Number of protein chains: 2
Amino acid sequence: MDATVAHHRANPLILKLRYGADLDAGDRALLADLFRADRVLEPQQDIVRAGDRATGVHLVIEGFAFRYKIVGDGQRQILGLLLPGDFCDLQSVVLGPSDHYIAALTACTVADVAQDRIDALVFRDSRLARALWWATLVDESILREWLASMGQRSADKRIAHLFCELLLRQQLVGAAGKRDCPLPLTQPMLADILGITTIHVSRVLRDLRMAGLIQLKDRRLHVPDVRRLRNFCDFDTSYLHLVREPDDQDAASPPIRARP
Amino acid sequence: MDATVAHHRANPLILKLRYGADLDAGDRALLADLFRADRVLEPQQDIVRAGDRATGVHLVIEGFAFRYKIVGDGQRQILGLLLPGDFCDLQSVVLGPSDHYIAALTACTVADVAQDRIDALVFRDSRLARALWWATLVDESILREWLASMGQRSADKRIAHLFCELLLRQQLVGAAGKRDCPLPLTQPMLADILGITTIHVSRVLRDLRMAGLIQLKDRRLHVPDVRRLRNFCDFDTSYLHLVREPDDQDAASPPIRARP
DNA sequence: CGTCACATTGATGTCTGTCAAGAATCGTGG
DNA sequence: CCACGATTCTTGACAGACATCAATGTGACG
């Protein structure tokens, strides 16, 4: 565990960017300075509403948020999960009014940053610009993988794949252990992520549990044999575009609270 | 029909960007100069292969291309259709090896541009930078809409929605009329876009035809009543983030060949 | 003219949705 | 602390959407 995580609670963005870029201490200091938690949200509280014009950029510091759309007669499709270190809308200025919603899933803290401060940052430091760009491109890549999953995988593999992803993504920001991580998703939420009904989610989770692939307890996911679960759902990390694998340490999870 | 389309064949990128940015004649000249057709591809020929490192940037000038992934035991999911004016991989340098394939769907012509020429362009002209950025963000937005469609819409509405999108997107680049457009997609292709079997595609197309919603002939789509089709599948253009609606002209389709 | 991909249709099976009813969990207020 | 309602979670019976298997027809192309 290196110096970046030494202080009381590391900035998840900085942790994440270790896997997409090589930043020096100066870069990290700039990021830490710009992206600090400055708002706490209740579960279900909106961060961005469809039709809103961008006001600034939001970064999740702690907790989960999610992106969603309402189609047809009120059915909700969840388009992405935003974990600590993820941007909600880095690029929204260019697009105009948002075409979807973003809301807090759990209680969470976010950083609100004015667009011009981002612009100044990336203008000044092209390595940082590239790092942030990497982050948004990974988000898009995840979206493609979700689409492929939705189109081609059966419900059980889809859930398993999602769990593999969430375990790994949380490991990247030091929020998960080797084999378990927070999983604050209700079954109705899972249903809207996977495009199936909550009833079916329940059935499939039972099957996965009984197959010994996963354990769920206290809103946490435990995976007894990560290799086996990955195998089951054909999980391949390449869509996350990591330049290095996460250390295999049994990391802090839930988020680090210990002081030095 | 304005001056941009006056010459023998307008650059589809320039046409498309009319809907996302305000470019002046100088901007357009730069684009036209940079993105000119310089390669012809056979149907099914690869443009980008998964695992490839980026060599440059590719823009579709004419014809259709498509993005796809292979999941599990060889099932293909098509992740996006690339129409004239669409970039294949504007940003691939940052991400490293591609995690998916891009191939020509029909015979098509593409522009190959070295990354540094793009960089020089966007560095020099921030309005153009913003315009290109808009284009990539719209692509991502389309991806989200596809995901929502896959998760929440039934097969018939999914096809209808896709057809609405393809009609409109081709109108943006002057490749479609008010109510019809090229549709060079076989049923196996449609199946891999929609995540259903070709057999089911055949049945659903029959139903849509018999409901009078669409007509298919000679690899073209004809929509007798666009409003009705849009209504049927809950099509809302906002995810395409157009700053203006396409003119209601009965535009050139197939691509303009007439000389002034 | 044969081959091959595409397209169509029917019969049948499987996955997932719908309807219905309970049980467990959780937050809240008395 | 307990009661309460509200949300989750679970299970069963049944229905519908879509997949699979099989057969046939069509058209492009060598």
Side-chain angles (χ1 to χ4, degrees), chain A residues 42-45 64 71-78 103 105-107 149-162 183-211 214-221 232-233, chain B residues 42-44 64 66 71-78 103-107 149-162 183-211 214-221 233:
Chain A
E42 298 302 309
Q44 309 305 323
Q45 193 176 341
F64 280 40
V71 318
D73 41 315
Q75 311 149 79
R76 178 178 68 176
Q77 174 66 42
I78 293 180
L105 196 163
T106 65
S149 213
M150 193 79 95
Q152 302 300 333
R153 283 192 253 262
S154 54
D156 51 356
K157 310 214 160 156
R158 222 140 80 214
I159 294 199
H161 195 277
L162 175 68
L183 191 78
L185 296 169
T186 63
Q187 290 185 7
M189 280 279 168
L190 280 171
D192 287 347
I193 293 172
L194 302 164
I196 59 181
T197 57
T198 74
I199 294 172
H200 202 58
V201 170
S202 177
R203 289 195 266 252
V204 171
L205 284 179
R206 163 172 49 81
D207 296 345
L208 289 178
R209 258 192 316 251
M210 288 175 59
I214 61 167
Q215 293 164 25
L216 298 173
K217 208 183 331 173
D218 303 328
R219 302 266 102 125
R220 292 186 66 84
L221 164 69
F232 171 71
C233 62
Chain B
E42 297 303 308
Q44 308 304 324
F64 280 40
F66 66 110
V71 319
D73 41 317
Q75 309 149 80
R76 178 178 68 175
Q77 174 65 43
I78 293 180
L105 196 164
T106 65
S149 212
M150 193 79 97
Q152 302 300 334
R153 284 192 253 263
S154 54
D156 51 356
K157 311 211 159 157
R158 222 141 79 216
I159 294 199
H161 195 278
L162 175 69
L183 190 78
L185 296 168
T186 64
Q187 291 184 7
M189 279 279 167
L190 279 171
D192 286 349
I193 293 173
L194 301 164
I196 58 181
T197 57
T198 75
I199 293 171
H200 203 58
V201 170
S202 177
R203 287 196 255 257
V204 170
L205 284 180
R206 164 172 47 80
D207 296 345
L208 289 177
R209 258 191 317 250
M210 289 176 59
I214 61 167
Q215 292 163 25
L216 299 173
K217 208 185 327 174
D218 302 328
R219 300 268 103 124
R220 293 186 64 85
L221 164 69
C233 62

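What you are looking at is a predicted structure, and each value in this text was computed from that prediction instead of being measured. Atoms considered below: every heavy atom in the structure, side chains included; atoms not considered: hydrogens, waters and symmetry mates.
Distance alone, capped at 3.5 Å, places no donor-acceptor pair between the B:Arg153 side chain and the B:Arg158 backbone. Remark: side-chain polar atoms of B:Thr106 are paired, donor with acceptor, to backbone N or O of B:Phe64 under 3.5 angstrom. Under a 3.5 Å cut-off, the side chain of B:Gln44 and the backbone N or O of B:Ala104 do not form any donor-acceptor pair. A:Gln187 contributes no side-chain N or O that, together with a main-chain N or O of A:Ile199, makes up a donor-acceptor pair within less than 3.5 Å. Although no hydrogens or angles enter the test, the distance criterion places no donor-acceptor pair under 3.5 Å between the side chain of B:Gln215 and the main chain of B:Leu221.
Residue contacts for B:Thr198: at a heavy-atom cut-off of 4.0 Å it reaches no nucleic acid atom on any strand shown.
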Mind listing the N/O atom pairs, protein and nucleotides 9-12 of chain C, below 3.5 Å?
residue	atom	partner	partner atom	Å
C:dT9	OP2	B:Arg206	NE	3.0
C:dG10	N7	B:Arg203	NH1	3.4

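At the phosphate of C:dA7, OP1 or OP2 sits under 4.0 Å from a side-chain N or O atom of B:Arg219. Residue A:Gln187 places at least one side-chain N or O closer than 4.0 Å to OP1 or OP2 of D:dT10.
To the nearest angstrom, P of D:dT8 lies 15 Å from CG of A:Leu205. Per the geometry, CG belonging to B:Asp73 stands 10 Å off P belonging to D:dT20, to the nearest Å. Rounded to whole angstrom, the span from the CG atom of B:Asp192 across to the C1' atom of D:dA19 amounts to 14 Å. One interatomic measurement links the two molecules: NZ of B:Lys157 to P of D:dC18, which rounds to 11 Å at whole-angstrom precision. Residue B:Ile196 contributes atom CD1, which lies 15 Å from atom C1' of C:dT8 at whole-angstrom precision. Rounded to whole Å, the distance from CG on B:Leu208 to P on C:dA7 is 15 Å. Taking atom CD of A:Gln44 as the reference point, atom C1' of C:dC26 lies 15 Å away to the nearest angstrom. Separating the CG atom of A:Asp218 from the C1' atom of C:dC26 is a distance of 13 Å, rounded to the nearest angstrom.
Rotation axes derived from the C1' atoms of the five outermost pairs at either end of the helix from C:dC1-D:dG30 to C:dC26-D:dG5 lie 40° apart, to the nearest 10°.
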Working for side-chain contact (heavy atoms from CB on, under 4.5 Å), residues A:Leu208 and A:Phe232: CA-CA 10 Å; A:Leu208 289 178; A:Phe232 171 71; 3.8 Å; yes
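Closest approach to the B:His200 side chain among C:dC6, D:dC18, D:dC9 is made by D:dC18 (side chain taken as heavy atoms from C-beta onward).
Residues B:Leu216 and B:Leu205 have side chains in contact (heavy-atom distance under 4.5 Å, counting atoms from C-beta outward). Residues B:Ile193 and B:Leu185 have side chains in contact (heavy-atom distance under 4.5 Å, counting atoms from C-beta outward).
A distance of 8.0 Å separates CG of B:Leu190 from CD1 of B:Ile196, quoted to the nearest 0.5 Å.
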